[in-house]
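Here's the structure, in structure tokens; my notes come after.
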There are 2 protein chains.
Amino acid sequence: MNVINESGILGISTRLQRLSEQLRRDGFQIYKANGIDFEPKWFPVIYTLHFKPVLSVVELAAEIGYTHPSTISLLKELEKEKLIRSKKDKQDERKRLILLTEKGKKLLQQMQPVWQTMVDALTELTNTSNNIMKAIEEVEAQLNDKSFMDRTKK
Amino acid sequence: MNVINESGILGISTRLQRLSEQLRRDGFQIYKANGIDFEPKWFPVIYTLHFKPVLSVVELAAEIGYTHPSTISLLKELEKEKLIRSKKDKQDERKRLILLTEKGKKLLQQMQPVWQTMVDALTELTNTSNNIMKAIEEVEAQLNDKSFMDRTKK
DNA sequence: TCAATATATGTAGCTAACTACGTATACTTG
DNA sequence: CAAGTATACGTAGTTAGCTACATATATTGA
């Protein structure tokens, strides 16, 4: 017996987390194999700044769908790597505006082809009869409609 | 623009992790709402010991599909809760055998109906056109066949 | 039979998200 | 226009898995 199979759906949380970790580890190795010093978790920040070049911390957090403390810790790492920089907002002194550095913009260009091979590989990998990206979206929509908790209260 | 949608599949790792966390938090609240002091992460250990009452640390880790250090840390928590206990294997002095306590067995009985409502709710929640449990299994099978990394090397 | 290897368990420290809380600045309203 | 509320940012500490390394016991083969 393998409890992961037997217990089925009650282990879903762990299954999701472990698949996530595996993909992330591989993602890191793929950047490395392409001579790029970049971590998968930085992707949403850098990618967002490509399209919205100047954002405050909270705006950026909202864009990438993270909490602001998580975003701040990513920004600290990216600042250490000199991929982003920040400046005060003159209109609103509370805000810190985030921008890509020249190094960040250059790296972004270098990563484009790697991203393309990753998108292709992931598309192939997840092109199964139940598409995992669609499945995630569907479950998120279901949860939005009625939480897991509420569904246990009949 | 929401980068989570735009960047699509490259953010898959984060998406998986966050869905995992959300379901786990709700799981904890559901136990609590039913007056049960139990954490979702403990489930695989307790459930396995229900069917295989005496297992060594490594055997248990293999059953639940975790590394042994992760398993040890779960066992420490469960021992503190007095839900499990352990004893030395007389045949092999290296081994520590894990068992449910009476309290553990009793709690397990109390949790059965809660597990049933959770299974029902999760089944409803994930009963979408792309089934997420099947999708996970399919992706894991794909990865087993050929890793993400190898798929980027054309 | 004992040296080399394998296995079982344990510890330390990492990771990548989170919540809770605190402070500074801006906005609103009586 | 000042008091209360809201917003922006930051810090501290938690979580639930992991890898790398260390030690103890068992097994194997020359």
Side-chain angles (χ1 to χ4, degrees), chain A residues 4 10-29 38-45 54-80 84 86-98, chain B residues 4 10-29 38-45 54-80 84 86-98:
Chain A
I4 284 188
L10 288 178
I12 189 172
S13 188
T14 301
R15 300 285 295 276
L16 290 168
Q17 179 171 350
R18 296 178 62 215
L19 182 53
S20 162
E21 282 169 3
Q22 188 174 351
L23 292 175
R24 197 189 303 270
R25 271 193 297 276
D26 253 27
F28 179 70
Q29 291 306 321
F38 194 77
E39 298 189 23
K41 66 176 162 170
W42 296 338
F43 172 78
V45 171
V54 184
L55 288 172
S56 75
V57 174
V58 166
E59 284 163 358
L60 184 54
E63 285 286 334
I64 66 179
Y66 287 26
T67 60
H68 81 270
S70 305
T71 306
I72 288 169
S73 99
L74 290 176
L75 292 176
K76 272 186 187 158
E77 294 177 19
L78 287 165
E79 242 170 319
K80 194 145 90 186
I84 62 153
S86 65
K87 61 179 188 190
K88 265 250 167 291
D89 183 331
K90 297 279 164 56
Q91 273 71 52
D92 186 338
E93 290 280 318
R94 292 172 305 178
K95 291 188 182 174
R96 184 159 71 96
L97 301 177
I98 311 299
Chain B
I4 286 188
L10 288 178
I12 189 172
S13 188
T14 301
R15 298 284 296 276
L16 290 167
Q17 181 170 347
R18 296 180 59 215
L19 182 55
S20 162
E21 281 168 4
Q22 187 173 352
L23 291 174
R24 197 191 304 269
R25 270 193 298 275
D26 252 27
F28 178 70
Q29 291 304 324
F38 194 76
E39 299 189 21
K41 66 177 162 171
W42 296 339
F43 172 78
V45 171
V54 183
L55 289 171
S56 76
V57 174
V58 166
E59 284 162 359
L60 184 53
E63 286 286 335
I64 66 180
Y66 287 26
T67 60
H68 82 270
S70 305
T71 305
I72 287 169
S73 97
L74 290 175
L75 293 176
K76 272 186 187 159
E77 294 177 20
L78 288 165
E79 241 170 320
K80 194 145 88 183
I84 62 152
S86 65
K87 61 180 189 190
K88 266 250 167 293
D89 184 331
K90 297 280 165 51
Q91 273 70 53
D92 185 340
E93 290 281 318
R94 292 171 306 177
K95 290 188 182 174
R96 184 160 72 95
L97 301 177
I98 312 298

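A, B, ... follow the sequence lines: proteins, then strands. Residue 1 opens every chain. Not measured: the values here are computed from a predicted model.
Residues forming a salt bridge (Lys or Arg N to Asp or Glu O under 4.0 Å) with R24(B) (at least two apart in sequence, or on another chain): none. Residues that satisfy the side-chain contact (heavy atoms from CB on, under 4.5 Å) test with L75(B), not counting sequence neighbours, are V45(B), V57(B), L60(B), T71(B), I84(B), R96(B), I98(B). Every residue meeting the side-chain contact (heavy atoms from CB on, under 4.5 Å) condition with E59(B), not counting sequence neighbours, appears here in chain and number order: L55(B), S56(B), K95(B). In this structure E77(B) satisfies the salt bridge (Lys or Arg N to Asp or Glu O under 4.0 Å) test together with K41(B), sequence neighbours excluded. Checked against side-chain contact (heavy atoms from CB on, under 4.5 Å), P69(A) has the following partners two or more places apart in sequence or in another chain: T67(A). Contacts of E21(B) classified as side chain to side chain donor-acceptor pair (under 3.5 Å), with partners at least two apart in sequence or in another chain: Q17(B). Applying the salt bridge (Lys or Arg N to Asp or Glu O under 4.0 Å) rule to D92(B) yields the partners R94(B); only residues at least two apart in sequence or on another chain are considered.
For K88(B), the NZ atom counts as densely surrounded, since its 6.0 Å shell holds more than 12 non-hydrogen atoms of other residues, nucleotides or ligands.
Here the straight-line distance linking atom OG of S73(B) with atom OH of Y66(B) works out to 9.5 Å at 0.5 Å rounding.
Note: CD (Q22(B)) to C1' (dT19(C)) measures 15 Å, nearest angstrom. Regarding L78(B), its CG atom lies at a distance of 12 Å from the P atom of dA16(D), rounded to whole Å. I64(B) places its CD1 atom 14 Å from the C1' atom of dC18(D), with the value rounded to the nearest Å. H68(B) places its NE2 atom 14 Å from the P atom of dC21(D), with the value rounded to the nearest Å. Per the geometry, CG belonging to L75(B) stands 15 Å off C1' belonging to dT11(C), to the nearest Å. Taking atom CD1 of residue I72(B) and atom P of nucleotide dA20(D), one finds them 17 Å apart after rounding to whole Å. Going from atom CG of L19(A) over to atom C1' of dA16(D) covers 16 Å, rounded to whole Å. K90(A) places its NZ atom 16 Å from the P atom of dT25(C), with the value rounded to the nearest Å.
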What protein N or O atoms touch nucleotides 13-16 of chain C N or O atoms at under 3.5 angstrom, if any, and at what distances?
from, atom 1, to, atom 2, distance (Å)
dA16(C), OP2, K41(A), NZ, 2.7

Anything under 3.5 Å between a protein N or O and an N or O of nucleotides 3-8 of chain C, put it in a table, one pair a line.
from, atom 1, to, atom 2, distance (Å)
dT7(C), O2, R94(B), NH1, 2.8

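Among the nucleotides dA17(C), dG10(C), dC18(D), the one closest to any side-chain atom of S70(A) is dA17(C).
Between K76(A) and dG10(D) there is no side-chain polar atom (N or O) within less than 4.0 angstrom of OP1 or OP2. Close to dC18(D), at under 4.0 Å from its OP1 or OP2, lies a side-chain N or O of R18(A).
Map P69(B) and T71(A) each onto its nearest nucleotide of DNA chain C; the residue landing nearer the 5' end is P69(B).
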